[in-house]
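Contents: one structure, followed by commentary.
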Amino acid sequence: MSKFLFFSILIASLMTATSLFAQEEDVFYHTVERGQTVYSIAKMYDVKVDDIYRLNINSEESIKAGSQLRIPQKKAAIKAEVEGVYLFHTIQAKETLYGVSQKYGVSAESIIEANPGLSNLSFATGKIIRIPSNVKPKQTTEIVETRRGVKEVYYTILEKETVYNLCKRFKTTEQELLKLNPELAGGLRKGMTIRIPLRINEDDISREDELDAGEVNAMLDARTAAKPVKAARIALLLPYNATNPKVIAGGSSITEYYEGMLLAADSLRRMGYITELFVFDIGDRKEDLQKILDEDADVLESVSLIIGGVSNEQIRLISDFALKYKKKYVIPITSKNDEVLTNAYVFQVNTPQTYLCDNAAFAAANLFDKYNIVFIDTKDKDEQTDFINTFKKELRGRTTSFRDFTYNEDTFESKIIADLSADKPNLIIPLSNTEEALNKITTVLRSITNTKPEYKITLLGYPVWQSYNKCLDDYHALDTYIYSLFYADNLNPDVKAFYDTYRNWYSKSPSQKPFPKYSMLGFDTGMYFFGSLQKHGENFETELPATKHKSLQIGFNFERVNNWGGFINTNIYIVHYNKDFTITRSDFK
């Protein structure tokens, strides 16, 4: 045999072994949703990013909504050795909670406890649930025959089992059980082994009967009914007097946020609702916050909702507290935090950048799929690469064509006309979000619309554009759209009324920072969450679709990221500067 042939066989064998090893690796399947990244998915399942790359070819380049990723099960979970480590299960078609419980040998209650977001809606084909890995499998039963020829079962009690359920399952009575097991007079305890008279088919001992299976599956519907509360008790943990710029840019922003919340509490008071605020200044250092969490734990345990934390260190500490005591926790400002991926009690108000870009790109593709689309590279700073790449990927997925154009001052007008269409409207998108980039193109584009009316031109832009007040005429003339998480129309009567009330209360105007206005952010957040608590009670998350607030500056559409994680606000605005000088703001959810 030649050396070449020998090495070819060896390499082929190794490749086959590697392939078999990959197939045998314990994995589950995750369906990618809009806004998710490989990093966030890895964080969600507590695995390494490189492991996802290894198991999914091309995932390092990009992933797209709707595609499936293979995710490795953690070895510690497979071995069922570590408390707090979970197996992950992808729900199959026609699968039930009862079936999953039986498959893994754990109680349905423990599965529900590990997945606070689980319901009949979220228990759906393709969705993922956590399975507690440290729960011991259900005990088998030993059947014995007494001297009288009567069969009995030696049965080990599981967690949360009751005498009533045992009697129902084994077709016996409480009196019979007590006669055979005098120790039951002291109560039923997990781990006890008791004798039970056998009156059912032996094959049915290791599983619950059909009625019990129905009761297990019905647990997904067992949501606590909404119960309004007399007073909403909320803790505010904010760095009012922070001096560290890494914690908050400008201490006055946090003060205005608090002032807006006070106005929300007063507005609800006039509607007949009572709000009790417990206010803490958490400062700059995590030691200051930890001291509050330790020394004022009794107060914080008494509230229904915690709002606060600005830095990642602060947010992590509050998130751990909220998870431990099962308190709803609102992260009010930052979008750059991962706690929402693994803490079921977290509500993240500020939409993460990837969700914002994905939703904006999806909305833009819906609005402009019939347009002639032109991207203009003006060679300016602050190119919006994330949005542009996401938008282009969305367009390619729909087989919608677009053009790339490089700006040159001397030839811009003549060359851009060659890329425009007279048969359908044209959408122009500069790659940069700067005012300089905008000014380079608007004069020429307005001239084209005035002198060549056959070319219908629309601009698409970015959140920061709403701060370029000198460009408003251009926006209206060019039928401009922008996407943004925040937008307040100063001509809106409700916005005007807010400004008047703020000035009356505080004898000052809100800061001139274009967006977001922290006072309005505090007001909108307060109206939404204080009102939700008072109308629906502590379990208000079950009523989120019915929770309405006519927002001044930020809309709310909270979606749970997974069955064991928290909620992200996925609402964005599409703001349209109409040619008749009106402005319309539409929610995109």
Side-chain angles (χ1 to χ4, degrees), residues 360-385 387-396 398-484 487 489 514 573-586:
F362 185 76
N366 286 342
L367 281 170
F368 305 116
D369 64 334
K370 304 300 183 185
Y371 281 58
N372 174 52
I373 301 173
V374 182
F375 294 91
I376 299 183
D377 184 358
T378 59
K379 301 298 181 184
D380 286 283
K381 62 180 182 179
D382 294 336
E383 286 192 0
Q384 299 302 289
T385 307
F387 171 73
I388 295 297
N389 289 343
T390 305
F391 188 23
K392 286 183 175 180
K393 184 168 68 172
E394 187 71 40
L395 294 173
R396 291 189 190 101
R398 302 174 184 224
T399 64
T400 302
S401 62
F402 57 84
R403 304 166 189 263
D404 291 303
F405 184 94
T406 301
Y407 174 84
N408 181 290
E409 183 178 4
D410 297 329
T411 60
F412 177 53
E413 183 166 4
S414 59
K415 288 192 172 183
I416 192 64
I417 288 176
D419 272 356
L420 297 178
S421 171
D423 299 323
K424 56 183 178 180
N426 301 277
L427 181 71
I428 306 296
I429 310 124
L431 303 189
S432 168
N433 69 356
T434 64
E435 192 169 6
E436 291 78 10
L438 191 59
N439 288 333
K440 284 179 180 180
I441 64 175
T442 50
T443 300
V444 170
L445 294 177
R446 289 189 66 171
S447 174
I448 292 172
T449 59
N450 290 333
T451 59
K452 300 180 183 298
E454 65 270 25
Y455 296 114
K456 300 186 183 302
I457 295 176
T458 292
L459 268 182
L460 176 62
Y462 308 98
V464 72
W465 280 19
Q466 61 189 285
S467 66
Y468 304 155
N469 293 326
K470 294 180 181 179
C471 299
L472 286 177
D473 286 345
D474 293 329
Y475 294 164
H476 289 291
L478 294 172
D479 193 36
T480 300
Y481 290 79
I482 67 170
Y483 69 88
S484 182
Y487 182 80
D489 181 2
Y573 290 133
I574 302 297
V575 182
H576 185 196
Y577 296 81
N578 302 291
K579 285 181 174 290
D580 63 0
F581 291 93
T582 60
I583 299 173
T584 52
R585 185 186 76 179
S586 303

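Positions are given from 1 along the sequence.
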Inset, instruction - Any chance you could lay out the side chain to side chain contact (heavy atoms under 4.5 Å, CB included) test for L460 and F387, step after step, and finish with the verdict? - result: CA-CA 12 Å; L460 176 62; F387 171 73; 4.2 Å; yes

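- A donor-acceptor pair is defined here as one N or O able to donate and one able to accept, closer than 3.5 Å; such a pair exists between the side chain of D580 and the backbone of T582.
- Expressed to the nearest 0.5 Å, how far CD of E435 lies from SG of C471 amounts to 4.5 Å.
- Side-chain N or O atoms of N372 include one that pairs as donor or acceptor with a backbone N or O of D419 at under 3.5 Å.
- Of all heavy-atom pairs spanning P430 and Y462, the tightest one is O-OH, 2.6 Å.
- Looking at residues two or more places apart in sequence or on another chain, you find no side-chain hydrogen bond (donor to acceptor under 3.5 Å, both in side chains) involving Q384.
- With rounding to the nearest 0.5 Å, the separation of CD in E413 from CG in L445 is 9.0 Å.
- Between L427 and L459, the shortest heavy-atom distance links the atoms CD1-C, 4.2 Å.
- Taking the side chain as every heavy atom from C-beta outward, V374 and I416 approach each other to under 4.5 Å.
- To the nearest 0.5 Å, atoms CD1 (I373) and OG1 (T400) are separated by 6.0 Å.
- Every residue meeting the side chain to side chain contact (heavy atoms under 4.5 Å, CB included) condition with A437, not counting sequence neighbours, appears here in chain and number order: T378, D380, S432, T434.
- The two residues Y455 and I417 come nearest to each other via the heavy atoms OH-CG2, 3.8 Å.
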Anything under 3.5 Å between a donor and an acceptor, one on a side chain of residues 447-454, the other on a protein residue two or more places apart or in another chain? List them.
from	atom 1	to	atom 2	distance (Å)
T449	OG1	R446	O	2.7
N450	ND2	R446	O	3.2
T451	OG1	S447	O	2.8

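- Among the candidates Y475, Y481, Y468, the single residue satisfying the ring pair (Phe, Tyr, Trp, His ring centres under 6.0 Å) test with Y577 is Y475.
- Here CG of N578 is found 8.0 Å from NE2 of H476. Values are rounded to the nearest 0.5 Å.
- Between F391 and F402, the ring centre distance reaches or exceeds 6.0 Å.
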Inset, instruction - Apply side chain to side chain contact (heavy atoms under 4.5 Å, CB included) to the pair W465 and V575, showing each step before the final yes or no. - result: CA-CA 11 Å; W465 280 19; V575 182; over 6 Å; no

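- Expressed to the nearest 0.5 Å, how far NZ of K381 lies from CG of L431 amounts to 16.0 Å.
- Every side chain to side chain contact (heavy atoms under 4.5 Å, CB included) that K579 has, sequence neighbours left out, goes to D479.
- Side-chain contact, S421 with D423: no donor N or O sits under 3.5 Å from an acceptor N or O.
- Using a 4.5 Å cut-off on side-chain heavy atoms (C-beta onward), Y573 and I482 make no contact.
- A cation-pi arrangement is not found for R403 relative to Y371, the charged atom failing to lie both closer than 6.0 Å to the ring centre and inside a 45° cone about the ring normal.
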Legend entry - Steps toward side chain to side chain contact (heavy atoms under 4.5 Å, CB included) verdict (D474, T480): CA-CA 8 Å; D474 293 329; T480 300; over 6 Å; no

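- Partners of N439 according to the side-chain hydrogen bond (donor to acceptor under 3.5 Å, both in side chains) rule, which considers only residues two or more places apart in sequence or in another chain, do not exist here.
- Residues that satisfy the salt bridge (charged side-chain N to carboxylate O under 4.0 Å, His left out) test with D404, not counting sequence neighbours, are K392.
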Legend entry - Criterion salt bridge (charged side-chain N to carboxylate O under 4.0 Å, His left out) on R398 and E394, from CA distance to verdict: CA-CA 7 Å; R398 302 174 184 224; E394 187 71 40; 3.2 Å; yes

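- The CG atom of N426 lies 11.5 Å from the CG atom of L478; values are rounded to the nearest 0.5 Å.
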